[in-house]
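First comes the structure, then the notes that go with it.
These values consider heavy atoms only, across backbone and side chains, with no hydrogens, waters or symmetry-generated copies. Only a predicted model underlies this, so the values are computations on that prediction, with no experimental measurement involved. For ligands, and for the atoms within them, numbers begin at 1 and follow the listed sequence.
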Amino acid sequence: MSNSPAPASSDQRQRTQDELKTLVGHAALDYVVRGQWVGVGTGSTVNKFIEALASIRHDIPGAVSSSQASTERLRALGIEVRDANEVDRLAVYIDGADEIDGKGYMVKGGGAALTREKIVAAQSDQFVCIADGSKRVQVLGAFPIPVEVIPMATARIIRQFAAMGGQAAIRMAGAKPLVTDNGQYVLDVKGLAISDPLGFETAVSQWPGVVTVGVFAFQRATTCLLATDAGVQTLSF
Ligand code: 5RP
């Protein structure tokens, strides 16, 4: 990992998390390849990026989006959105994370969009993760690991996580299970420290009924823009 120094800043006051997200959302514009489709993730940090992207919408053909929520925001700002199947390769995918470690491995899915996020990331040459400093961790797993599952497999998958020492619970939307853009459920798994992200992703992805595990090791970040009070730090992996 190379770690470029934060740019000098005369404004060293403590920024709010919203300000940090705005800062890093705008910084991500530098990574958008003009003239090419861009992959767009999901979440409150990405929403800041989408606002910034509107300022250069005439310089790109449009976006491939990882969720219905991001698609609606993009279209509302006049940015064309295409289905992932209509665009072969994306130069860059820009998305947030719930946690990112020193190798660019991430936990994602806090916004329940993990499956489409992994799909768009997989067709992108670069993954630029945008996050505030609170997301940088030594070991993944303090944030509950999201896992999208097919509803009929839920009880068994909860037992499989229990056998590993994890406590999995169905994510709720009010009194009912949250239903993803793909019509499935999400489990949030607490109590696991992920010391081997590649091994964990490989193993859990093979359990019948698992649609996507929210550990992004194979689709890790190639760059992370980390917003701090001192400015945006660039981590390259
Ligand atoms: C959505 C995600 C988000 O990227 C992740 O939850 C971070 O979101 P935010 O920028 O709101 O903190 O994986 O599924």
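Taking 4.0 Å as the cut-off between side-chain N and carboxylate O, Asp188 and Arg171 count as a salt-bridged pair. Ion pairing between Glu201 and Arg220 fails under the 4.0 Å rule for side-chain N and carboxylate O. The pair Glu99-Lys135 does not count as a salt bridge, with every side-chain nitrogen at least 4.0 angstrom from each carboxylate oxygen.
Aromatic rings from Trp37 and Tyr93 are positioned such that their centres are separated by 6.0 Å or more.
Test Asp98, Thr212, Asp95 against Lys108 for side chain to side chain donor-acceptor pair (under 3.5 Å) and you get one pass: Asp95.
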**Request:** May I have the step-by-step check of salt bridge (charged side-chain N to carboxylate O under 4.0 Å, His left out) for Arg82 and Glu80, ending in yes or no?
**Result:** CA-CA 7 Å; Arg82 286 266 175 93; Glu80 185 176 341; 3.1 Å; yes

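Every protein residue with a heavy atom nearer than 4.0 Å to ligand 1 is included here: Thr42, Gly43, Ser44, Thr45, Asp95, Gly96, Ala97, Asp98, Lys108, Gly109, Gly110, Gly111, Ala112, Ala113, Glu117, Lys135.
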